[in-house]
Protein chains: 2
Amino acid sequence: MSTKNKILDAADVLFADKGFNGTSLREITSQANVNLAAVNYHFGSKKELIKAVMSRYMDELSPQLESALSLICHAETKPNLHEVFSAFIEPLLNLNEFKENGTSTFLQLLGRGYTDSQGFLRWFLTTQYPNVFTNFTKAVKIAYPELSTEEMFWRLHFTMGTIVFTMSSSEALIDIAQNDFDNKLDIAGVIERVIPYVAAGVAAPISKIHNQVMSS
Amino acid sequence: MSTKNKILDAADVLFADKGFNGTSLREITSQANVNLAAVNYHFGSKKELIKAVMSRYMDELSPQLESALSLICHAETKPNLHEVFSAFIEPLLNLNEFKENGTSTFLQLLGRGYTDSQGFLRWFLTTQYPNVFTNFTKAVKIAYPELSTEEMFWRLHFTMGTIVFTMSSSEALIDIAQNDFDNKLDIAGVIERVIPYVAAGVAAPISKIHNQVMSS
DNA sequence: CGCTATTTTAAACATGTGTTTAAACTAGCT
DNA sequence: AGCTAGTTTAAACACATGTTTAAAATAGCG
């Protein structure tokens with residue numbers, strides 16, 4: 001395996017586990033059994049390495065998501081929200097074939113990107129892969145046309161939060177769940193449970209009152 | 001104002017903004033206009049400072065939450081989920097009187113604690129303030145008794161994720177929303193929007209199929 | 001005041017960080 | 001073989017980190 005890929009693989013799991021700030025290049029290179037300077041030689045800087053780790057997933061995921069969502073948008077029968085969100089399942093699980101445990105690390109990394117390093121990764125993703133977002137909002141708009149654009153904006157970010165947060169702590173949660181309920185569970189099981197939750201959240205009835213002053 | 005409080009106030013906003021790992025003691029002490037060594041003198045270590053910042057909020061919040069939830073549990077009429085979640089609003093907004101922008105920084109800090117430093121803060125909170133969690137699950141159990149303990153476990157963590165993630169990126173989101181919809185919005189407005197979402201998510205119909213193998 | 005305990009201060013410490021350098025090594029090709 | 005372009009290596013660099021030290025300043029009190 002090439003040095004470049006050894007670095008990417010090691011960085012992948014370490015970033016997911018300990019965050020971008022929390023992982024040093026020395027940890028990465030010693031885990032990958034390559035020389036410290038290899039990162040700067042092959043990627044230029046740590047920041048570029050982070051981008052490369054994410055791009056590896058996004059380049060695989062983005063076209064799959066786009067086609068799955070566009071399929072839903074142009075279907076004969078009007079899709080419901082549960083179907084829209086389910087469109088994510090297969091592309092996400094396909095990451096596991098492309099790379100072992102790809103789903104879980106990718107979603108963890110996504111969560112890291114939102115909180116670590118003050119959202120530079122969010123900027124990177126939305127500017128580099130804008131089609132995923134527009135196709136997604138389009139699909140939701142078809143499935144739930146009554147939802148105003150602003151309300152949808154918020155609910156989609158709530159959904160983003162649910163998914164990303166859940167997956168970034170999924171290992172810990174699965175451990176706890178295994179102990180308390182001795183129910184065999186994996187990442188697919190968690191996805192299966194979170195879909196009804198977010199679908200119901202986005203489909204929630206629209207509250208009329210906003211920006212009101214709370215009574216204290 | 002005492003040196004101790006100057007440090008706590010500065011650490012509060014810096015931790016919320018840049019994370020625990022991302023904030024140095026030198027940033028904190030220079031922001032607080034105190035000597036660098038003051039942190040170790042008054043708190044012992046950075047880790048203890050983090051605990052102190054969180055405890056300041058939890059000691060204020062925890063009794064309020066407990067009584068609000070216990071009020072709901074012992075009410076004459078059976079509460080619904082929307083009411084259970086709304087019980088959080090007032091105690092959270094009260095943090096703003098106790099400290100300017102207390103709500104937003106507290107929830108941001110909570111989000112940081114879940115992702116930064118590999119969840120040592122989650123351990124700290126669940127062991128130091130267990131009553132909040134048990135009272136909350138009790139209230140949900142009353143409002144939605146059909147929900148199995150395991151299903152509830154997951155949905156409450158989904159909810160945690162939604163709230164924490166939303167609030168930790170709330171400033172950025174509010175900025176975007178202001179621009180795109182020129183709708184005046186503050187932290188209370190965001191809370192007002194997220195409550196129906198999480199209430200609907202937790203109240204979602206129970207899916208019968210779990211742990212199934214996904215078709216590929 | 002004078003003494004003591006607490007707090008503040010500047011400096012140093014040891015370690016860890018991302019990055020750069022220049023020499024050594026390794027193909028690949030004529 | 002000899003040359004070249006690509007890669008790897010160990011060492012050093014410059015700087016940032018949390019923590020400790022010991023002297024100086026400040027209260028608090030009899």
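Note on naming: letters A, B, ... go to the chains in the order of the sequence lines (proteins, then strands), and numbering restarts at 1 for each one.
Rounded to an integer number of Å, the gap from A:Lys46 NZ to C:dT19 C1' is 12 Å. A:Asn21 has its CG atom 12 Å from the P atom of D:dG18, to the nearest Å. Whole-Å rounding puts the B:Leu14 CG to D:dG18 C1' distance at 16 Å. Atoms CG (B:Asn35) and C1' (C:dT6) sit 15 Å apart, rounded to a whole Å. A straight line from CZ of B:Phe20 to C1' of D:dG18 spans 17 Å, rounded to a whole angstrom. At whole-Å resolution of the value, CD1 in A:Ile28 and P in C:dT19 are 11 Å apart. Taking atom CZ of A:Phe15 as the reference point, atom C1' of C:dG18 lies 12 Å away to the nearest angstrom. A straight line from CD of B:Glu48 to C1' of D:dT19 spans 14 Å, rounded to a whole angstrom.
The two residues A:Leu109 and A:Ala16 have their closest heavy-atom pair at CD2-N, 3.6 Å. For A:Ser45 against A:Val39, the heavy-atom pair with the smallest separation is O-CG1, 4.5 Å.
Between A:Thr3 and the phosphate of D:dT7, there is no side-chain N or O to OP1/OP2 separation shorter than 4.0 Å. For the pair B:His42 and C:dT8, the criterion of a side-chain N or O lying under 4.0 Å from OP1 or OP2 is met.
Mapped onto DNA chain C by nearest heavy atom, A:Ser24 and B:Val34 fall at different nucleotides, with B:Val34 at the one closer to the 5' end.
Under a 3.5 Å cut-off, the side chain of B:Ser62 and the backbone N or O of B:Asp59 do not form any donor-acceptor pair. For the pair B:Thr23 (side chain) and B:Phe20 (backbone), a donor-acceptor distance under 3.5 Å is absent. Between the B:Thr103 side chain and the B:Leu92 main chain, a donor and an acceptor come within less than 3.5 Å of each other.
Residue A:Thr29 is classed as having no contact, given no heavy-atom separation below 4.0 Å to the nucleic acid. Among the heavy atoms of the strands, none lies under 4.0 Å from A:Ser2.
Put simply, the side chain of A:Arg26 and the base of C:dG18 share a donor and an acceptor less than 3.5 Å apart.
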For nucleotides 20-24 of chain C, give me every protein contact, N/O to N/O, under 3.5 Å, one pair per line with atom names.
none

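Defined by atom type and a distance below 3.5 Å, a donor-acceptor pair is missing between the side-chain atoms of A:Lys46 and A:Ser24.
Electrostatic pairing of A:Lys99 and A:Glu60 does not count as a salt bridge here, judged by no charged N lying under 4.0 Å from a carboxylate O.
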